[in-house]
Amino acid sequence: QVQLVESGGGLVQAGGSLRLSCAASGGTFSNYVVGWFRQAPGKEREFVAAIRWRFGITRYADSVRDRFTVSGDTAKNTVYLQMNSLKPEDTAVYYCAADRTAPMTPSRSLGAYDDWGQGTQVTVSL
């Protein structure tokens with residue numbers, strides 16, 4: 001089992017930026033697909049982005065494409081989600097997750113991911 005810890009959330013004005021981090025222990029991220037998901041109040045958890053970084057393969061939800069970037073640091077065993085041009089509708093708890101089966105094409109499905117972090121709150125104000 002991989003232990004995941006997210007950090008970097010906070011309160012930011014619309015148009016601002018945040019960088020979320022997902023640190024792993026108990027496994028090597030570069031062997032997995034790492035995904036980011038989010039859950040807003042009263043809504044289902046949804047896919048945001050994912051990376052199969054050994055091969056440089058990324059995937060994004062349409063709602064964040066061109067604003068968010070997912071990347072990894074092998075030395076730190078950490079995955080990042082750089083979020084730019086934030087909108088109030090990006091407000092949610094953000095979770096990272098690891099898919100240890102590591103398909104070449106990262107999955108958008110929650111059920112594909114084996115291990116989850118506890119989440120970090122992102123709030124975007126007008």
Side-chain angles (χ1 to χ4, degrees):
Q1 187 173 2
V2 179
Q3 289 77 46
L4 308 173
V5 179
E6 302 97 335
S7 61
L11 174 64
V12 64
Q13 287 188 325
S17 299
L18 282 174
R19 188 178 77 160
L20 305 184
S21 300
C22 176
S25 60
T28 303
F29 258 166
S30 60
N31 293 334
Y32 309 143
V33 165
V34 178
W36 286 96
F37 294 80
R38 66 187 182 187
Q39 188 166 19
K43 294 187 177 181
E44 294 186 350
R45 194 171 299 188
E46 64 176 4
F47 172 79
V48 175
I51 185 168
R52 178 77 164 95
W53 96 58
R54 182 183 292 272
F55 297 100
I57 297 170
T58 57
R59 195 173 186 184
Y60 295 93
D62 290 342
S63 59
V64 306
R65 194 184 311 277
D66 299 327
R67 299 190 297 123
F68 291 10
T69 303
V70 60
S71 62
D73 185 328
T74 303
K76 295 182 178 180
N77 212 26
T78 297
V79 170
Y80 303 100
L81 184 67
Q82 177 68 43
M83 306 186 295
N84 299 328
S85 302
L86 282 161
K87 304 175 182 180
E89 51 263 45
D90 294 319
T91 295
V93 177
Y94 283 71
Y95 300 88
C96 66
D99 177 355
R100 286 181 264 129
T101 63
M104 192 60 66
T105 300
S107 175
R108 296 172 178 261
S109 172
L110 275 71
Y113 292 81
D114 305 292
D115 306 292
W116 291 81
Q118 82 290 347
T120 186
Q121 176 71 46
V122 172
T123 303
V124 184
S125 64
L126 289 169

Inter-residue atom distance Tyr94.OH - Leu18.CG, 0.5 Å rounding: 9.0 Å
Lys NZ or Arg CZ of Arg45 over Phe37 ring: under 6.0 Å, within 45°: no
Residues in side-chain contact (heavy atoms from CB on, under 4.5 Å) contact with Gln121, at least two apart in sequence or another chain: Thr91, Val93, Thr123
Nearest heavy-atom neighbours spanning Thr120 and Gly9: OG1-N, 3.2 Å
Closest contact, heavy atoms only, Leu4 versus Cys96: CD1-O, 3.7 Å
Heavy atoms from other residues, nucleotides or ligands near CD of Gln118 exceed 12 (cutoff 6.0 Å): yes
Basic-acidic side-chain contact under 4.0 Å: Asp62, Arg65: yes
Any donor-acceptor N/O pair, Arg52 side chain to Ile57 backbone, under 3.5 Å: no
Verdict with reasoning, Leu20 to Glu6, per side-chain contact (heavy atoms from CB on, under 4.5 Å): CA-CA 7 Å; Leu20 305 184; Glu6 302 97 335; over 6 Å; no
Heavy-atom side-chain proximity of Arg54 to Asn31 below 4.5 angstrom: yes
Output field: ring centroids Phe68/Trp36 closer than 6.0 Å: no
Heavy-atom pair of closest approach, residues Tyr113 and Ala50: OH-CB, 3.6 Å
Tyr95 with Val79, same ILVMFWY side-chain cluster at under 4.5 Å: no
Carboxylate-amine/guanidinium contact Asp90 Arg38, below 4.0 Å: yes
Glu44, CD atom: more than 12 neighbouring heavy atoms under 6.0 Å: no
Which residues share a side-chain contact (heavy atoms from CB on, under 4.5 Å) with Ala23, sequence neighbours left out: Thr78
Per-pair distances, 0.1 Å, donor-acceptor, side chain in residues 102-111, under 3.5 Å, sequence neighbours excluded:
| unit_1 | atom_1 | unit_2 | atom_2 | d |
| --- | --- | --- | --- | --- |
| Ser107 | OG | Ser109 | N | 2.9 |
| Arg108 | NH2 | Tyr60 | O | 3.3 |
| Ser109 | OG | Gly111 | N | 3.3 |

Shortest non-hydrogen contact from Gln39 toward Lys43: NE2-O, 3.1 Å
Common cluster, Phe47/Val64, ILVMFWY with side-chain heavy-atom separation under 4.5 Å: no
Least distance between heavy atoms, Ala40 atom then Ala92 atom: N-CB, 3.8 Å
Close side-chain approach of Thr69 to Tyr80, heavy-atom, < 4.5 Å: no
Asp99 to Tyr32 - nearest heavy-atom pair and separation: O-CB, 3.6 Å
